[in-house]
Amino acid sequence: MMADLAQVVVDVPTMQTNQPYTYLIPDRLVEIAQAGMRVIVPFGSGHREVQGFIVGKSPQTEYDGELKPISAVMDLNPVVNSELLQLSHWMAETTYAFWITCLYTMLPNLLKAKSQRMVRIIDELSESDQMALFGNQDELDFSKVQHDPETVHKLSQLQRDKKIEFVYQVNDRARVKTVTAIKASLSFEQYEDELQGIAKNAKAQHQLILYLQTLGDQVVALKEAQATTGLSSATFNLGQSRGWLTKVQQEVYRDPFLQISVAQKQTLTLNSEQKVAVDTIDQAIEQSIAQTFLLQGVTGSGKTEVYLRVIQTALDQGKTALMLVPEISLTPQIVGRVRSRFGDQVAVLHSGLSNGERYDEWRRISRGVAKVVVGTRSAIFAPLENIGVIIMDEEHEGSYKQDESPRYHAREVAKWRSDFHHAPLVLGSATPSLESRARAEAGLYQRLVLSKRANQQALPPIEIVDMRPEVQKKGETNFSQRLLSALHARLERHEQSVLLLNRRGFSSFVMCRDCGYVLKCPNCDISLTLHMDSHSMKCHYCGHEESIPNRCPQCQSRRISYYGTGTEKVTAELGELLPNARIIRMDVDTTRRKGMHQKLLDRFGNHEADILLGTQMIAKGLDYPNVTLVGVLNADTGLDLPDFRAAERSFDLLTQVSGRAGRANKAGQVIIQTFNPDNYVIQLVKEHDYERFFATEMNLRKLAAYPPYYYTVRIMGSHPDEKEVAKAMFEIRQQLDQVTDSRTIFLGPTPRAIARLKNCYYYQIIIKYRLDQKLHSLLSQIMHEAQSKYSRDLQISIDPDPQYFI
DNA sequence: AGCACGCCGACT
DNA sequence: GTCGGCGTGCTC
C-alpha cells in the first residue's frame with residue numbers, strides 16, 4: 001500500500017510545536033514527496049502557511065483529528081538525506097534544541113525560505129481606504145506597514161469586516177546562478193549546406209559556422225565562445241535567428257576560491273613519527289573502523305601533511321573526506337594546501353562565503369562533485385556520502401562549540417558521523433583539550449604523537465620576565481628592558497617580531513581616579529569600552545554608544561580617564577620607545593572590515609613592517625619565516641578569570657603564540673612578561689611541557705569536580721522582571737534536587753556575572769554530574785513545561801557542556 | 001510564532 | 001450594555 005501520509009516538522013520554533021505533524025499527501029504529490037524534502041503546509045487557523053520538512057512517511061496515524069493536505073513540495077530531491085535526518089533528530093535530543101532549528105542549521109541559509117505576510121483585498125474598499133493603504137495595488141506587504149500602529153489598526157478593522165485577508169507566502173530564496181550558453185543545433189553536413197547559402201563577404205557568419213562545426217555536442221558559455229572566436233554577440237544572435245545555434249541557460253557555481261591564494265604545491269617527505277601516524281590512520285580507513293585518533297603534535301610538527309596523506313588514502317579507496325578547521329580566516333594556508341593537492345574535488349564552507357557561494361558549494365558536495373570538504377564548524381554537516389575520514393584540526397578550539405541553539409559541539413557531531421560511516425576521526429592539536437587527552441589516557445582514543453618539528457628546528461627557548469621589579473623601577477610600562485633590547489636586535493638584523501597583548505577578559509574602560517566611578521552601560525551591567533576610532537564609549541554586549549565624558553557623572557571630577565591597556569595605547573608607547581620600527585596593529589578594530597585581516601597579514605608577510613602587535617587573533621596559524629622573536633606583553637590577564645578553563649586556554653594561547661617563532665631555518669626566541677612568574681601555567685609553557693600541564697590540571701579538575709571528571713550542563717533563564725526569573729529558577733532547582741542522582745552537584749541559581757543584558761535578567765544553574773540516568777529526561781521535561789508553567793516571557797535554554805562560565 | 005477564545009475593566 | 005486589554009491554549 002502506498003504511504004500517503006507525511007510526518008512534517010514545521011517551522012514554528014517553540015517547545016509546544018517541536019514534534020512532527022501528520023499531513024495528507026495529495027495525489028499529485030504522491031510520487032514526489034519524500035522524507036528530507038521541504039514542504040509548505042497550512043498550519044493553524046486562517047490562511048497561514050509555513051515551511052516544514054518531511055521527516056517520515058506512513059500509511060497510518062494515531063492522530064484522530066482532521067488532516068490537512070501538504071500545499072506544495074519545495075524540492076525535487078531531498079535536501080536532507082537519511083543520515084542527516086537521523087543526525088538532526090539526535091542533535092535535537094542531545095542539545096535540547098528544536099528539531100526544526102537543527103534541520104536548518106545543517107543547510108545553507110538560502111534554503112531557509114522567507115515567509116511574507118501579505119494583505120489581500122477580498123471585497124470592495126472605500127475609495128479613501130483603497131488609495132491610502134493599497135494605492136493601485138490589490139496586495140500589500142504587511143512587514144512594510146507593521147510598525148505604523150494606525151495602519152495596523154485600520155487593517156485589523158477591515159479584516160473584521162471581511163474586506164481584506166492576511167495571506168502567508170513562502171518564497172524559496174535559493175536561486176541557481178546561470179549564464180547564457182550556446183550549443184550547435186545542426187549536424188556537420190547541414191552546416192556545410194548552410195555555408196553554400198550565405199554571401200561570400202559575410203565573413204563573420206562564415207567563421208561562426210566553422211566554429212559551430214567544431215563544437216559537436218558541447219555546450220559553451222556565450223562569453224567563452226565570443227572570446228575564442230572574437231565574434232560579437234550580434235553575430236551569435238543572428239546565428240540563433242537562422243537556427244544555427246540554440247541558446248541555453250547553463251547552471252554555474254559561484255567560485256569562492258578566487259580570493260584565496262593557492263600555495264605552492266610541494267611534496268614533503270614524512271619523518272618517522274608522521275609515517276607511523278599516517279600508516280595507522282590509513283589502516284583504519286581501509287578497514288572502515290570508526291576509531292578516534294588524537295594526533296598530538298607540537299607546533300610546526302607537520303600535522304597538516306598527515307591530514308593530506310590520509311585524505312589521499314580515503315580518495316584512493318573511493319571514499320570522501322571531511323576536514324574541519326577552527327576559523328578559515330586564521331588558516332588560509334591550510335585551505336590553500338588542501339586545494340593545491342586535491343584541486344577541484346575540494347569544496348570550502350565557512351562564514352566568509354556569501355549565501356550564494358555557500359549554496360553552490362553545498363550543491364557540489366551534495367551531487368558528489370566535491371569529494372573533499374574543508375570548513376569551519378557547520379561544515380560538519382556537509383552532505384558527503386561514503387565518508388572515509390573526518391579530521392578536526394586544533395580540536396581543543398572553543399569555536400567548535402556553537403554558542404547559540406542548537407548548542408552542538410562539532411567534535412560530538414564528528415564522532416556521530418564517524419560511527420555512522422565507520423570512518424576514523426582524527427583530532428589534531430598541540431595542546432589537546434583535557435577531555436580528549438583524558439579519553440586517550442583511558443584508551444578510548446588512540447594517541448599518535450609528533451614530538452619533533454618537521455624542519456628539525458628545536459622549539460624556541462622561552463624566557464620569563466618578571467614585571468614586578470620593572471614597574472617598580474620605571475613606573476607603569478608595557479615593555480621590560482629585556483624585551484626592548486631583543487626588539488632592538490631584531491630591527492638591526494632586519495628580522496621580524498610578533499607581540500601579543502592578551503586581552504582575554506580585559507577591556508579598556510573609563511574610571512574616575514578620584515571616586516573610582518566606572519562608566520557602565522545603562523542596559524547591561526557591564527563596563528563600557530573606550531573606542532578611540534569613533535571617539536565614543538560602547539557596550540560590547542548590546543551596542544549602546546555614548547560620548548566620552550570629561551567630567552565624572554558621580555563626583556564631577558575632571559580626573560576621569562581610561563584605564564587598562566589597549567593595542568592602540570601599546571602601539572603608541574612602542575612608537576616612542578622604538579621610533580624607527582614599522583608597526584602593524586591588529587585587533588578587532590583594525591580588522592573589522594572584510595578582508596582586512598588577510599591584508600594586514602600579507603603586508604607583514606611582505607616585510608612591510610617590523611613588528612606585528614595584536615590580540616589573540618595573531619596567535620594562530622601565522623607562519624612567517626622571518627619572525628624570530630615573539631613577545632607576550634601581559635601573560636597574566638587570562639589566568640585569573642572565574643572560569644575553570646582559564647588555565648587551559650592560557651596554556652594554549654601562550655604555546656600557540658610561542659610556536660610562531662623560528663618556523664624556518666632561523667632560530668626563534670620567546671619572551672613572556674608576567675606579574676606571576678611562578679604560576680604553573682607560565683612555568684610549564686616555558687618548559688614546553690604539555691604532558692605535565694595535563695597531569696597538573698587534571699588533578700585540579702578532579703578536586704573541583706569539573707570536566708573531564710564531571711560533565712556539566714547549564715540551565716539559563718531570562719525574563720524582563722528579575723523576580724520572575726529568580727522564582728522560576730529556584731523552582732527548577734527544587735525539581736532537580738528531588739529527582740536526580742544524589743551525587744549530582746548543583747551550583748545556583750545565581751544571577752549571571754552580567755545579570756542584566758538587553759533589559760533582561762539572567763539566572764543560571766550549573767549542573768555537574770557523572771552518571772545520572774534521569775537527568776536527561778528531566779531536563780527535556782523542564783524545557784517542555786517552561787512555557788506553560790511560568791510566565792510567558794520566561795526564556796529557558798539548556799547548554800550541555802558550556803564553554804564559558806562567566 | 002500567530003491566532004482564537006475568554007475573561008475583566010472603562011467607555012461611547 | 002460593548003470595545004479592547006491580555007492571559008491561555010492550540011496548531012496535523
Side-chain angles (χ1 to χ4, degrees), chain A residues 3-26 29-30 33 35 37-74 92 97-104 112-120 122 140-143 145-147 149-162 164-171 404-406 718-721 723-724 727-728 783-797:
Chain A
D4 53 3
L5 298 179
Q7 309 305 123
V8 175
V9 172
V10 293
D11 184 10
V12 183
T14 67
M15 222 49 212
Q16 297 135 62
T17 51
N18 188 29
Q19 50 168 355
Y21 286 84
T22 309
Y23 283 87
L24 294 167
I25 304 175
L29 298 177
V30 164
M37 287 180 176
R38 296 172 304 153
V39 288
I40 295 167
V41 291
F43 192 70
S45 51
H47 292 266
R48 192 172 176 215
E49 290 200 313
V50 298
Q51 193 182 160
F53 287 81
I54 301 180
V55 296
K57 296 210 286 183
S58 62
Q60 276 163 12
T61 176
E62 305 272 278
Y63 183 70
D64 57 1
E66 202 161 320
L67 298 177
K68 291 180 182 176
I70 291 173
S71 307
V73 174
M74 297 176 74
F98 307 126
W99 196 350
I100 188 72
T101 315
C102 296
L103 285 162
Y104 279 129
K112 166 143 189 156
K114 201 170 70 182
S115 96
Q116 233 183 347
R117 199 179 171 192
M118 300 296 286
V119 187
R120 190 183 288 160
I122 50 174
L140 173 71
D141 183 349
F142 183 73
S143 67
V145 296
Q146 65 181 343
H147 297 297
E150 273 178 45
T151 309
V152 172
H153 187 252
K154 185 79 208 163
L155 287 173
S156 64
Q157 273 184 339
L158 288 170
Q159 187 194 19
R160 203 168 307 138
D161 298 344
K162 303 263 192 280
I164 59 165
E165 64 177 359
F166 285 88
V167 222
Y168 291 86
Q169 286 180 352
V170 184
N171 308 320
E404 61 187 47
S405 181
S718 72
H719 195 281
D721 181 354
K723 286 196 297 288
E724 291 287 335
K727 198 185 91 194
M783 280 298 271
H784 267 286
E785 291 171 353
Q787 251 107 8
S788 48
K789 211 165 161 185
Y790 310 105
S791 161
R792 235 184 140 108
D793 292 332
L794 183 79
Q795 297 286 333
I796 294 280
S797 71

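Values in this document were obtained by computation on a predicted structure and should not be read as measured data. First the proteins, then the strands, lettered A, B, ... as listed; each starts at 1.
Within the model, atoms CD1 of A:Ile25 and NZ of A:Lys57 stand 5.0 Å from one another, a figure rounded to the nearest 0.5 Å.
Side chain of A:Tyr23 to main chain of A:Ser71: no donor-acceptor pair is present (N/O by atom type, distance under 3.5 Å, no hydrogens or angles). Judged purely by atom type and a 3.5 angstrom limit, A:Thr61 has no side-chain atom pairing as donor or acceptor with the backbone of A:Thr22.
When rounded to the nearest whole Å, the span between CD of A:Glu49 and P of B:dC3 equals 13 Å. Note: NZ (A:Lys789) to P (C:dT8) measures 15 Å, nearest angstrom. A:Asp793 has its CG atom 10 Å from the P atom of B:dA1, to the nearest Å.
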When you compare the protein's N or O atoms with those of nucleotides 10-12 of chain C, which come within less than 3.5 Å of each other, and at what distance?
residue : atom : partner : partner atom : Å
C:dC10  : N4   : A:Gln16 : OE1          : 3.4
C:dT11  : O3'  : A:Gly44 : N            : 3.3
C:dC12  : OP2  : A:Lys68 : NZ           : 2.5
C:dC12  : O3'  : A:Thr22 : O            : 2.8
C:dC12  : O3'  : A:Lys68 : N            : 2.7
C:dC12  : O2   : A:Thr22 : N            : 2.7
C:dC12  : O2   : A:Thr22 : OG1          : 3.4

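With sequence neighbours left out, the side-chain hydrogen bond (donor to acceptor under 3.5 Å, both in side chains) criterion links A:Ser788 to no other residue. For the ring pair (Phe, Tyr, Trp, His ring centres under 6.0 Å) test, no residue two or more places apart in sequence or in another chain qualifies with A:Tyr790.
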